[in-house]
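Only one structure is covered here, and it is reproduced in the block below.
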Amino acid sequence: MNFKELMQKDLDSTFFNESEFSQKYKWGNSFISAIVDDERMLRKYASEFETLGQGSHLVYVAMSQLKKIPRIDDVVNFQNNIYTIDEVKEEDGMYAIFMRLGRV
């Protein structure tokens, strides 16, 4: 097993294990296992965005969980609310998605 395979296994078995860190969330018409880290988002973006705390989220999700690559300005139904994606970063087999409540 190579490093990438070990990393993916660790993501699936530990980081995105619902018994450990992640939770099920509704994303579009399906459910994904993800981690919402609003504290990190607030520390990182508080000086840039005055709308933080009004429904913004930083969501970590394994790349394998999403059928479509999220893009900036995409609109997504997350937990039955409409969000606009402001930033997407690929980090070690997962996406870090910053999104805010509402449409562009």
Mind checking the CD-CZ spacing from Gln65 to Phe31? Nearest 0.5 Å is all I need. 12.5 Å

Name the residue from Asp86, Ile82, Val76, Val75 that meets the side chain to side chain contact (heavy atoms under 4.5 Å, CB included) definition with Met99. Val76

Can a side-chain donor-acceptor contact be found between Asn80 and Lys26 if the only test is distance below 3.5 angstrom? yes

When rounded to the nearest 0.5 angstrom, what is the spacing between CD in Glu90 and CE in Met63? 3.5 Å

Is it the case that one hydrophobic cluster holds both Leu101 and Val88, taking links as side-chain heavy atoms less than 4.5 Å apart, direct or via other members? yes

Sorted by chain and number, sequence neighbours left out, salt bridge (Lys or Arg N to Asp or Glu O under 4.0 Å) with Lys67 holds for none

Kindly compute the distance separating OG (Ser33) from NZ (Lys24), expressed to the nearest 0.5 Å. 5.5 Å

For Thr84 and Gly102, indicate whether the former's side chain and the latter's backbone hold a donor-acceptor pair under 3.5 Å. yes

Counting only heavy atoms from other residues, nucleotides and ligands, does the tally under 6.0 Å from NZ of Lys68 exceed 12? no

From Leu66 CG over to Ser30 OG, what is the distance, rounded to the nearest 0.5 angstrom? 8.0 Å

Going only through I, L, V, M, F, W and Y residues with side-chain contacts under 4.5 Å, is there a path from Ile72 to Tyr83? no

Is the closest side-chain heavy-atom distance between Val59 and Ile35 below 4.5 Å? no

Which value, rounded to the nearest 0.5 Å, describes the distance between Lys89 atom NZ and Leu58 atom CG? 9.5 Å

For Ile85 and Pro70, work out which heavy atoms get closest and say how close. CD1-CB, 3.7 Å

Nearest heavy-atom approach of Tyr25 to Ala34 is CE1-O, 3.4 Å

Residues that Tyr95 engages under side-chain hydrogen bond (donor to acceptor under 3.5 Å, both in side chains), provided they are two or more places apart: none

